[in-house]
Amino acid sequence: EYMGQRGAALANYETAQRIAEALIARRPGDVQAKTLLASIYESASTTTRRTGDYAKAGVGYQKAIDILQPIVAANPEDREMQRRLAGAYG
């Protein structure tokens, strides 16, 4: 978040989200891009939650979870991905 400038932060997260989604559309197997998108969803959701819009924040966290769950399932030994997934729930 930009030092209290939530609106600007959310606008930048939306831009980052579109870029990451476009990359994934071109390279659907790119785990790094998927992880990046999940991270963007988490960050945007945290900022959204701070505005008091808990329902919208919950949608974003769920999107991150939906991205990360299959990655963790395919790589059960990857502790970093497990940590990221746990963070999306928290």
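Residue indices begin at 1 and follow the sequence shown.
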**Prompt:** Quick check: does any side chain N or O of T51 sit under 3.5 Å from a backbone N or O of T48, one acting as donor and the other as acceptor?
**Reply:**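 The answer is yes, because a donor-acceptor pair under 3.5 Å joins these two groups.
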**Request:** Taking K34 for its side chain and P28 for its backbone only, find out whether a donor-acceptor pair lies under 3.5 Å.
**Result:**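 Between the backbone of P28 and the side chain of K34 there is a qualifying donor-acceptor contact (under 3.5 Å).
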**Message:** Run the side-chain hydrogen bond (donor to acceptor under 3.5 Å, both in side chains) test on Q82 and D78 for me, step by step, so that the C-alpha distance in whole Å, both residues' side-chain angles and the decisive distance to 0.1 Å come before the verdict.
**Reply:** CA-CA 6 Å; Q82 289 177 3; D78 190 333; over 6 Å; no
Euclidean distance, [Y] [atom2] relative to [X] [atom1], rounded to 0.5 Å:
X   : Y   : atom1 : atom2 : answer
I67 : R84 : CD1   : CZ    : 11.5 Å
L10 : R50 : CG    : CZ    : 10.5 Å
T47 : Q5  : OG1   : CD    : 12.0 Å
T46 : R6  : OG1   : CZ    : 11.0 Å
L85 : D66 : CG    : CG    : 10.0 Å
I24 : I19 : CD1   : CD1   : 12.0 Å

Mind listing the closest non-hydrogen atom pair of [X] and [Y] along with its distance?
X   : Y   : value
A44 : Y13 : CA-CD1, 3.5 Å
A64 : A38 : CB-O, 3.6 Å
A88 : I65 : CB-CG1, 3.7 Å

**Asked** Has E80 got more than 12 heavy atoms of other residues, nucleotides or ligands less than 6.0 Å from its CD?
**Response**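 Atom CD in E80 is packed in, count exceeds 12.
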Do you reckon [X] sits in the same ILVMFWY cluster as [Y], going by side-chain contacts under 4.5 Å, direct or chained?
X   : Y   : result
L36 : Y61 : no
Y41 : V31 : yes
L68 : L37 : yes

**Message:** Before you tell me yes or no, could you show the steps for N75 and M81 under side-chain contact (heavy atoms from CB on, under 4.5 Å), namely the whole-Å CA-CA distance, both residues' side-chain angles and the distance that decides it to 0.1 Å?
**Reply:** CA-CA 8 Å; N75 304 286; M81 284 299 129; 5.7 Å; no
**Prompt:** Taking the side chain as C-beta and beyond, is there a heavy-atom pair between V59 and Q62 under 4.5 Å?
**Reply:**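 When only atoms from C-beta onward are counted, Q62 and V59 do not touch, as no gap falls below 4.5 Å.
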